[in-house]
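A short worksheet on the structure shown next.
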Amino acid sequence: IVTYNSLLNVFGKAGNYSEALRILKEMEENNCPPDSVTYNELVAAYARAGFYEEGADVIDTMTSRGIMPNAVTYTTVITAYGKAGKEDKALDLFDRMKNSGCVPNVCTYNTIIGMLGKKSRTEEMMRILCEMKSNGCVPNRVTWNTMLAMCGNKGMRNHVQQVFREMKNCGFEPDRDTFNTLISAYGRCGSGIHASKMYDEMIKAGFSPCVTTYNALLNALARRGDWKAAESVLLDMKSKGFRPS
RNA sequence: AUCACUUC
């Protein structure tokens with residue numbers, strides 16, 4: 001079963017959901033009944049290909065075969081809806097999930113928070129954050145990075161430091177992803193200076209930049225129209241063996 | 001042992 005599931009993962013990642021379906025059939029024929037991971041892989045395969053409705057349908061299919069969808073299943077479909085701009089469908093499914101007795105975990109909440117944050121639906125986002133805490137679900141690193149990311153939205157610049165401080169108060173030290181998020185957030189709200197500063201701090205903290213770091217930094221510098229700085233970043237990037245995309 | 005969340 002693990003072998004089959006891993007195979008499904010490979011085809012799913014390649015965006016080849018028809019091959020994934022073939023494997024599912026083969027499992028059923030070979031007396032190897034699919035489990036929840038199998039169906040979750042199938043949902044993920046649909047989601048990666050942009051077929052969120054087909055992904056949502058798998059929830060019914062697996063239920064009818066006696067495999068209950070779990071938090072991973074729902075989170076995968078909710079994410080797909082969010083990426084497709086179907087926020088209300090995502091929220092709908094989130095409600096259905098809870099009504100069916102499936103308990104959202106930290107990843108589910110992070111998905112919803114990120115989706116609402118991107119759309120600047122701040123009040124709803126804060127409500128979900130409260131719900132999360134009152135359900136005993138503790139915000140993790142990703143939750144905080146998600147919150148920082150939304151501070152890159154228009155007019156949110158002054159919230160960055162505040163959220164960052166709260167994060168540290170909760171015992172989270174910034175990691176490379178946090179710095180990437182900070183650089184991107186400052187870049188998007190038009191503060192290239194702060195973005196560069198965050199890059200320097202990241203280096204000082206001993207983290208090595210990755211492609212995401214460079215992309216975020218380049219975006220920030222481009223917004224400022226600082227082509228000279230951007231060019232030196234590009235050189236630095238190439239010298240470290242990264243290739244610009 | 002295999003699946004979902006943030007930064008692109």
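Remember, it's a predicted structure, so these values are computed and weren't measured experimentally. The sequence lines fix the lettering, A, B, ..., with proteins before strands; numbering per chain opens at 1.
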Look at all strands and tell whether A/Thr146 reaches a base, only sugar-phosphate, or nothing, counting heavy atoms closer than 4.0 Å. sugar-phosphate
Does anything in residues 208-244 of chain A come within less than 4.0 Å of RNA chain B? Heavy atoms only, and list the residues if so. A/Thr212
All salt bridge (Lys or Arg N to Asp or Glu O under 4.0 Å) counterparts of A/Asp200, not counting sequence neighbours: none
Please identify each residue that fulfils side chain to side chain donor-acceptor pair (under 3.5 Å) with A/Asn30, with sequence neighbours left out. A/Tyr4
Sequence neighbours left out, what passes side chain to side chain donor-acceptor pair (under 3.5 Å) with A/Glu131? Give chain and number order. A/Lys98, A/Tyr109
Test of understanding: with side chain to side chain donor-acceptor pair (under 3.5 Å), list the residues that count as partners of A/Thr75, not counting sequence neighbours. A/Thr108
Tell me what A/Lys118 touches on the nucleic acid: a base, only sugar-phosphate, or nothing, going by heavy atoms under 4.0 Å. sugar-phosphate
Among residues at least two apart in sequence or on other chains, which ones pass side chain to side chain donor-acceptor pair (under 3.5 Å) with A/Asp92? none
From the 5' end of RNA chain B to its 3' end, which nucleotides mark the outer limits of contact with chain A, defined by a 4.0 Å heavy-atom distance cut-off (strictly under)? B/A1 to B/C8
Let me check something: any side-chain donor-acceptor pairs from residues 48-55 of chain A under 3.5 Å, sequence neighbours excluded? List them with distances.
from	atom 1	to	atom 2	distance (Å)
A/Arg48	NH1	A/Gly12	O	3.3
A/Glu53	OE1	A/Tyr81	OH	3.4
A/Glu53	OE2	A/Lys89	NZ	2.9

Pair A/Asp88 + A/Arg121: basic N to acidic O under 4.0 Å: yes
The complete set of salt bridge (charged side-chain N to carboxylate O under 4.0 Å, His left out) pairs with one or both residues in residues 164-186 of chain A, sequence neighbours excluded, reads A/Arg141-A/Asp175
With sequence neighbours excluded, residues passing salt bridge (Lys or Arg N to Asp or Glu O under 4.0 Å) with A/Arg65: A/Glu28
Expected output is a numbered-order residue list: members of residues 100-112 of chain A with a heavy atom under 4.0 Å from any atom of RNA chain B. What is it? A/Asn105, A/Cys107, A/Asn110, A/Thr111
Any salt bridge (charged side-chain N to carboxylate O under 4.0 Å, His left out) pairs touching residues 228-245 of chain A, not counting sequence neighbours? A/Asp236-A/Lys240
